[in-house]
Amino acid sequence: SHVELCQVVLSYLAHYCYKETAQVLQNSCKCDGQWKTSSSDSSQSTSAETECSVELDDIDQRAPIYKLVMEGKVAEAIDSTNKVAAGMLDDRPDIYFELLALQFTGLVQRK
């Protein structure tokens, strides 16, 4: 549906820190309100409210971290993450492991 497509695209744009584009899409799709959609289950059909929007305010904090990771400055990205969202990497060991693996890969490539 339109709402689901809008939400997927907005999530993608927010994930990759395209804040301005996400804002324009959110406004042009009128995704900033609540939409009624039908969610169908094999056993029953119910009506649920789905909000087609993403949190764009935290992109300003995440964008510099994303840039550090993309530049291969993983140690700095970990430090920045711990400053901005203390405890997040402790709560998400999978992300922390992937960052450490990326850092290790970068070290191996440089040698």
Side-chain angles (χ1 to χ4, degrees):
S1 81
H2 173 76
V3 174
E4 292 166 341
L5 178 61
C6 181
Q7 189 65 43
V8 168
V9 174
L10 284 172
S11 295
Y12 174 87
L13 293 171
H15 179 78
Y16 289 102
C17 301
Y18 296 114
K19 183 177 181 178
E20 293 82 16
T21 306
Q23 287 172 324
V24 169
L25 178 66
Q26 191 165 315
N27 292 334
S28 70
C29 288
K30 297 183 179 141
C31 292
D32 54 351
Q34 294 202 358
W35 296 60
K36 292 263 187 188
T37 60
S38 309
S39 64
S40 57
D41 189 340
S42 58
S43 60
Q44 68 183 50
S45 289
T46 60
S47 178
E49 283 193 0
T50 303
E51 186 173 322
C52 185
S53 64
V54 293
E55 185 62 42
L56 300 176
D57 295 333
D58 67 335
I59 291 177
D60 293 329
Q61 293 178 334
R62 289 188 302 109
I65 297 169
Y66 176 78
K67 183 178 177 186
L68 288 170
V69 171
M70 296 307 292
E71 292 173 351
K73 300 175 182 175
V74 179
E76 290 178 48
I78 291 171
D79 290 340
S80 293
T81 301
N82 287 329
K83 289 176 187 168
V84 171
M88 194 278 291
L89 293 176
D90 293 333
D91 295 340
R92 296 291 310 269
D94 56 320
I95 294 174
Y96 186 55
F97 177 79
E98 287 191 33
L99 287 171
L100 292 176
L102 184 62
Q103 183 178 25
F104 176 76
T105 304
L107 291 172
V108 170
Q109 286 179 342
R110 283 186 226 135
K111 292 201 177 225

Quiz item: Taking the side chain from R62 and the backbone from A14, do they hold a donor-acceptor pair closer than 3.5 Å?
Solution: yes

Self-check item: Single hit among L100, I95, D94 for side chain to side chain contact (heavy atoms under 4.5 Å, CB included) with L89
Solution: I95

Quiz item: Quick one: are L68 and P64 in side-chain contact, heavy atoms under 4.5 Å?
Solution: no

Quiz item: In terms of hydrophobic clustering (I, L, V, M, F, W, Y; side-chain heavy atoms under 4.5 Å; direct or indirect links), are I59 and L10 co-clustered?
Solution: yes

Quiz item: What distance separates L102 CG from M70 CE, expressed to the nearest 0.5 Å?
Solution: 9.0 Å

Practice problem: Indicate if V69 and V84 have the same hydrophobic cluster label, given that clusters are the connected sets of ILVMFWY residues with side-chain heavy-atom separations under 4.5 angstrom. | Solution: no

Quiz item: Which word best sums up how the rings of Y18 and Y12 line up, parallel for under 30°, tilted for 30 to 60°, or perpendicular for over 60°?
Solution: parallel

Self-check item: Spacing of CE belonging to M88 relative to CG belonging to N82, to within rounding of 0.5 Å
Solution: 8.0 Å

Exercise. With rounding to the nearest 0.5 Å, note down the distance linking NZ in K83 to CD in Q61.
Key: 13.5 Å

Quiz item: When rounded to the nearest 0.5 angstrom, what is the spacing between OG1 in T21 and CG in L13?
Solution: 6.0 Å

Self-check item: Rounded distance [0.5 Å steps], CD1 in I78 versus NZ in K73
Solution: 14.5 Å

Self-check item: Reported SG-to-NZ distance for the pair C17 and K67, which is rounded to 0.5 angstrom
Solution: 11.5 Å

Practice problem: Flag yes if more than 12 heavy atoms outside Y66 fall under 6.0 Å of its OH atom; otherwise flag no. | Solution: yes

Quiz item: Would a hydrophobic clustering, with Ile, Leu, Val, Met, Phe, Trp and Tyr connected at side-chain separations under 4.5 Å, put L25 with L5?
Solution: yes

